[in-house]
Amino acid sequence: MQTIYAMYQSGNDQLEKQEKFLQASIENSLDLYLLMLSSLVEIRKKEIEYLEIARKKHLATPEELNPNRRFIDNPILVALDESNALSIALEKRKITNWQANDDTILFILQDIKQSELYQKYMSKPSVTFQEERFFVVDMFSELIAPNVKLYSYLEDYKLTWVDDIPVVNTHIVKQLKKMTAAPESLAVPALFKDEEDRDFAVALYRKTVLNDKELTKEFMDKTPNWDFERIAELDVIILKMAICEFLKFPSIPLKVTINEYLELAKEYSTPKSSIFINGILDNLVKEFQNTNRIKKVGRGLM
């Protein structure tokens, strides 16, 4: 949707160039995942460095000489640091952001140590493994993921990441909840489940752009109460993409298509867009079904 919108706005009809941008944006979401997950590793490392520096001070206090190590010994944080899957993926994708921008990590660490969550965790007489894991999950979801400085850094570094942040963070939280103290309990996910999944975005982009006029005609006369020229450009793109899925992607269920594009409209377009788009798509589905133009394959696809 964003790639098509950018193409229309720029007036650039170089299909291959825009397609490469789309593919790069998708690939970059894996880098974002690795960057967010590795923030936990880097935060722990910074705390280890801090405790070591404090211990070596000329007039170190008893607390500095014998610090509370619960945070740096947290089994989930240790498992992440020792995870071969994560370290190999970081090296392969050349993710070195935190080494070059450790001020962001230090800022987050400071926020964590000042938080009530951290204070309660560190002051408990003892903790179970489940409590150790809950702490990491809560720390990530409540203190790291919504951190303003982190968000600002991600936005400045790669603008396309902004829309990927929620889904990436949700996946990381799910993974953390399932982790054990074993480093191999973390599996770095594949970006695509199979080749069909890999090809889908590009296929949808190409078919929507190359059939632009045909797709526009499908709904132009279905908007009697709307001046076509005044329909939000993003709504037009959403309608074209949805219709394209109806007619040219037989394996995608109709309900899935409608639900997905209504969510896009709610998230990115005008307050009334989802109502408008829902009405158009409902009417089109009935028309396409009556004229046998929709040919879906597989179980439960209608």
Side-chain angles (χ1 to χ4, degrees), residues 33-90 95 97-99 101-154 165-166 168-189:
Y33 161 81
L34 293 170
L35 191 63
M36 291 297 296
L37 190 59
S38 66
S39 69
L40 290 164
V41 175
E42 295 302 322
I43 287 167
R44 175 179 175 270
K45 286 181 179 178
K46 286 300 178 187
E47 179 62 1
I48 292 173
E49 290 177 13
Y50 171 79
L51 293 180
E52 187 62 19
I53 291 170
R55 188 181 67 81
K56 291 180 178 179
K57 282 167 56 177
H58 178 59
L59 296 174
T61 65
E63 290 78 13
E64 290 171 332
L65 290 171
N66 187 30
N68 184 344
R69 294 178 54 90
R70 179 170 291 163
F71 180 77
I72 61 174
D73 289 343
N74 181 288
I76 299 298
L77 295 180
V78 172
L80 287 170
D81 186 38
E82 296 176 351
S83 168
N84 283 331
L86 180 56
S87 59
I88 290 170
L90 289 169
I95 307 297
N97 299 58
W98 300 138
Q99 289 84 337
N101 298 277
D102 64 347
D103 59 320
T104 303
I105 293 297
L106 288 169
F107 184 87
I108 297 171
L109 176 59
Q110 182 181 31
D111 282 357
I112 289 170
K113 292 173 72 172
Q114 291 175 349
S115 69
E116 185 179 353
L117 176 70
Y118 177 87
Q119 298 298 330
K120 284 185 176 180
Y121 168 70
M122 297 296 283
S123 63
K124 287 183 177 181
S126 63
V127 287
T128 65
F129 174 76
Q130 277 205 329
E131 288 176 315
E132 298 271 26
R133 184 166 54 191
F134 284 147
F135 168 73
V136 175
V137 170
D138 290 342
M139 177 178 67
F140 183 83
S141 58
E142 296 176 18
L143 302 174
I144 298 176
N147 187 279
V148 175
K149 185 156 187 176
L150 174 62
Y151 185 90
S152 179
Y153 170 76
L154 296 175
I165 291 172
V168 165
N169 287 343
T170 299
H171 186 79
I172 290 175
V173 168
K174 288 180 179 178
Q175 283 190 299
L176 292 174
K177 287 179 177 179
K178 295 178 181 178
M179 276 191 70
T180 68
E184 57 270 21
S185 67
L186 175 76
V188 175

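For reference, positions follow the sequence shown, starting with 1.
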Exercise. Looking at Y50, is K113 sitting on its ring face, NZ or CZ under 6.0 Å from the six-membered ring centre and within 45 degrees of the normal?
Worked result: yes

Exercise. Counting only N and O atoms by type, is there a donor-acceptor contact under 3.5 Å from the side chain of S38 to the main-chain atoms of V41?
Worked result: no

Problem set entry | Distance-minimising heavy-atom pair for F71 and M122 | N-SD, 3.7 Å

Seminar exercise, completed: Here the gap from I108 atom CD1 to N147 atom CG, rounded to the nearest 0.5 Å, amounts to 4.5 Å

Exercise. Hey, what do you get for OH (Y118) to CG (D111), rounding to the nearest 0.5 Å?
Worked result: 13.0 Å

For this session: Using atom types as modelled and distance alone, determine if a side-chain donor or acceptor of N101 lies under 3.5 Å from a backbone N or O of T104.
Result: no

Problem set entry | Minimum-distance pair of heavy atoms, taken over all atoms of S185 and T180 | OG-N, 3.2 Å

Exercise. Please walk me through it: do E42 and D102 pass side chain to side chain contact (heavy atoms under 4.5 Å, CB included)?
Worked result: CA-CA 8 Å; E42 295 302 322; D102 64 347; over 6 Å; no

For this session: Take V188 and I88 through the side chain to side chain contact (heavy atoms under 4.5 Å, CB included) test and state the conclusion after the steps.
Result: CA-CA 10 Å; V188 175; I88 290 170; over 6 Å; no

Exercise. Side chains of R44 and V78: does their closest heavy-atom pair fall under 4.5 Å?
Worked result: yes

Problem set entry | E49/K45 ion pair, N-O < 4.0 Å | no

Exercise. Nearest 0.5 Å, what's the NZ-CG distance between K46 and L51?
Worked result: 13.0 Å

Problem set entry | Nearest non-hydrogen partners of P189 and H171, listed with the distance | CG-NE2, 3.6 Å

Exercise. L80 versus L176: any side-chain heavy-atom pair under 4.5 Å?
Worked result: yes

Problem set entry | Spacing of L40 atom CG and M139 atom CE [to the nearest 0.5 Å] | 5.0 Å

Exercise. When you measure from the side chain of S152 to the backbone N and O of V148, does any donor-acceptor pair fall under 3.5 Å?
Worked result: no

For this session: For the pair F135 and Y121, name the ring-plane relationship: parallel under 30°, tilted 30 to 60°, perpendicular over 60°.
Result: parallel

Problem set entry | Within 6.0 Å of NZ in K149, more than 12 heavy atoms from elsewhere | yes

Exercise. So, R70 side chain and K124 main chain: donor-acceptor pair closer than 3.5 Å or not?
Worked result: yes

Exercise. Going from CH2 on W98 to CG on L35, what distance comes out if it is rounded to the nearest 0.5 angstrom?
Worked result: 4.5 Å

Exercise. Distance-only, no hydrogens or angles: does the Q175 side chain make a donor-acceptor pair with backbone N or O of A187 under 3.5 Å?
Worked result: yes

Exercise. Closest approach of R55 and A60, non-hydrogen atoms and distance?
Worked result: O-CB, 3.9 Å

Seminar exercise, completed: CG (N169) and CE (M36) are apart, to the nearest 0.5 Å, by 4.0 Å

Exercise. Closest approach of M179 and A79, non-hydrogen atoms and distance?
Worked result: CE-CB, 3.8 Å

Exercise. Are there more than 12 heavy atoms of other residues, nucleotides or ligands under 6.0 Å from atom CD of Q99?
Worked result: yes

Exercise. Does a side-chain heavy-atom distance below 4.5 Å link L77 with I72?
Worked result: no

Problem set entry | Minimum side-chain heavy-atom gap I112-I144 below 4.5 Å | yes

For this session: Kindly give the heavy-atom pair with the smallest separation between I76 and R133, and that separation in Å.
Result: CG1-CA, 3.9 Å

